[in-house]
Amino acid sequence: MQIYTKVLIGMAVGAVIGVTVGPKSEFLEHDTYKVSDASSVELFLDRDDPSSQVSLPAGFAMSFQALEVVEDDLEDTQGQTHRVPAWAKVRFRFSQKLGLYDSAGTLRDQLGHPRTLAWVTVWLKIRNIALPSGGFTSVPEPISGLGDQIVSFLRPIGTAFMRLIKMVIVPLVFSSLLVGVASLGDVRKLGRLGGKTIGLYLVTTAIAVSIGLACAHIIKPGNFVGEGARASLQAQYSGDASSRAEDAANAPSTIDNILNIIPSNPLESLSSGNMLQIIFFAMFFGVALTLLDDKKGTPVVNFFDRVQQAMVVVIHIVMSLAPYGVAALVADVIGQAGLSVLSALLVYALTVIVGLTIQAVLVYGSIVRFLAKLPLRKFIRAIRPAQLIAFSTSSSSAALPVSMECAEENLGVSNAVSSFVLPLGSTVNMDGTALYQGVAAIFIAQVFQVDLSVGDQVAIVASATMASIGAAGVPGAGIVTLAMVLSATGIPAVGIALILGMDRLLDMFRTAVNVTGDLSVTAAMAAGEGEQLAILTKEEDAADPDRGFEGRLKGREHPVPPEE
Ligand code: ASP
């Protein structure tokens, strides 16, 4: 079975686990309250004594298991009375000893114990928010404790897979870029390739945001969100939204961003994995090696060439674990989101997905067909492993090693081009992210009834294009930079609360598009440099065990003899 078939099966299994036995599962009892910031909930040592209120440190996220729920009668906006949970006696435990302070700042109690992980019991006051259409929604939201445990149990498998794949990024990018630049041996050629690549990246991103804006205007997803869903989404995620807005406000300015490309200490850039700095230094290093007299640079280039080859083998080994890692990652995401968010934001999500499909088919289809001169269907088949890893990890950086492998092995792009264009793309080119920001901005403006002028929309295109350059290729980067895009046009940043619950799911789709964009531009650049691209056929893949993802692992090991 091909690796991507196995990865697809892994994704499907993960999705089924997430929906059926995840925290938001409809089949399991919802006996736990999940709180993303404990300082936003009210906790009491004694339910009848208001002065016994205590607080936990801000940013303290945890789940409270409900032992007992006390209900109350409340009248909703339509005059109907409902029996709703008002208090929950909750139990939780943590590995840190915490002091609980009351509003006067007096230490009321010491909770927990680092060694015993002692259970702590307090009363949680449940906020019931009246919905304009009738009924209530409660904050914090009840989830299944068992489901939460199941996904927490699976989470380390996904995390291990993510870490394994990320482990390869820095050595792979550094070594292959250095070797690529040294083998190009021409600084002017490099400059030209760089200029064309960045130009095409910017154009595809600006088109992507415009497609996003157009889809949002035509479909008008904001009009489909009911009053109730709006209030509940906002109440549920408002704490998270303000922390995203704060992150965005602390982001460095454009000039600092540009200056930051120059590393002051390349070893630090390598150890922190700062991709643009690594690219900058590897290029300088590679060029310098070609400028040394008498081919003195050759041993160094050869050394890094071997490093790169070994990293490719590591990627092959790691990819054989992909189906399990992917199943765990998908179960976690789907389990956390739950189907209720999906239904409230269905039209919004579909708008993003329609936009992403248009971008992939029209924009990348044209690039692949007319610039790279490759058949689109075969191209998609060749890059599928990279798309699947991007989709399931929601990280273009994590998908980078697999993208490079697809470009070189499956499309026939030279190492010189792929090692330059793809790492650059994984940080600066995020068409899917930019498109989603366009849809999200208009969606939030529609929900809050903010009128946007043509100038505002041009500002959205410009700021989303810039923001996609600044965003890192990691899960959730796009929602942080969305706050910057919103503030450029005066759309309320709290609107992010509306879409947060859905964000992680859409992140999967937009990351797959980000990576598809990088690979399309890479193919176009290689063709532009006069390379003969040839897509690896199924037969060639099967016939040559040294190519493709499966083959190499089945090859024999060759022990490395020590130097004489
Ligand atoms: N997860 C995306 C990526 O890595 C960035 C984002 O849109 O959040 O490409």
Side-chain angles (χ1 to χ4, degrees), residues 158-159 161-163 165-166 168-169 173 201 204-205 208-209 211-212 240-241 243-245 247-248 251 257 273-276 326 329-330 332-333 336-337 348-349 351-353 355-356 359-360 364 383 386-404 406 421-441 443 460 463-486 496 499-522:
T159 312
F161 173 66
M162 276 287 255
R163 293 185 72 111
I165 195 161
K166 282 191 190 159
V168 194
I169 299 172
V173 169
Y201 277 157
T204 53
T205 310
V209 198
I211 293 178
D240 285 4
S243 79
R244 303 304 151 111
D247 287 351
N257 271 333
N274 184 321
M275 200 50 71
L276 290 181
V326 160
L329 289 169
V330 172
D332 197 2
V333 173
Q336 305 280 354
Y348 158 72
T351 312
V352 175
I353 293 172
L356 292 174
Q359 171 80 6
Y364 303 149
I383 66 166
Q387 288 178 320
L388 290 180
I389 294 300
F391 184 83
S392 46
T393 59
S394 294
S395 163
S396 356
S397 296
L400 178 60
V402 185
S403 308
M404 288 172 70
C406 285
V421 180
L422 281 173
L424 195 64
S426 79
T427 33
V428 306
N429 186 47
M430 293 194 183
D431 300 345
T433 302
L435 187 149
Y436 130 87
Q437 292 183 335
V439 176
F443 172 73
I460 294 178
S463 55
T465 306
M466 288 303 134
S468 90
I469 296 177
V474 294
I479 195 125
V480 173
T481 48
L482 175 63
M484 288 174 6
V485 175
L486 295 184
I496 289 180
I499 55 170
L500 254 174
M502 185 54 135
D503 196 66
R504 198 55 181 74
L505 282 179
L506 288 179
D507 200 357
M508 302 168 101
F509 290 92
R510 62 188 194 242
T511 309
V513 169
N514 290 345
V515 166
T516 309
D518 298 344
L519 279 158
S520 309
V521 171
T522 305

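Whatever order the structure lists ligands and atoms in, that order sets their numbers, starting from 1. Position 1 is the first residue of the sequence, and the numbers go up from there.
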Ligand-side contact atoms (ligand 1) for residue partner [X], heavy atom cut-off under 4.0 Å:
X	result
Asp507	1 (N), 2 (C), 6 (C), 7 (O), 8 (O)
Arg510	6 (C), 7 (O), 8 (O)
Asn514	2 (C), 3 (C), 9 (O)
Gly476	8 (O)
Ser395	4 (O)
Thr433	5 (C), 6 (C), 7 (O)

Region of Ile479 engaging ligand 1 - heavy atom pairs below 4.0 Å: neither
Any donor-acceptor pair under 3.5 Å from Thr511 side chain to Ser396 backbone: no
Any donor-acceptor N/O pair, Tyr201 side chain to Val421 backbone, under 3.5 Å: yes
Non-hydrogen atoms of Asp431 and Ala208 that approach each other most closely: O-CB, 3.4 Å
Identify, for [atom], the protein heavy atom at the shortest distance, and state residue, atom and that distance.
atom	result
atom 3 (C) of ligand 1	Ser396 OG, 3.1 Å
atom 8 (O) of ligand 1	Gly478 N, 2.6 Å
atom 2 (C) of ligand 1	Thr511 OG1, 3.3 Å

Pair Ile499-Tyr348, side-chain contact (heavy atoms from CB on, under 4.5 Å): steps then yes or no: CA-CA 9 Å; Ile499 55 170; Tyr348 158 72; 3.6 Å; yes
Residue from Thr522, Leu519, Asp518, Leu388 passing side chain to side chain contact (heavy atoms under 4.5 Å, CB included) with Ile383: Leu519
Exercise: do Asn429 and Thr205 side chains pair donor with acceptor under 3.5 Å: yes
Distance-only side-chain donor-acceptor flag, Thr433 / Asn514, under 3.5 Å: yes
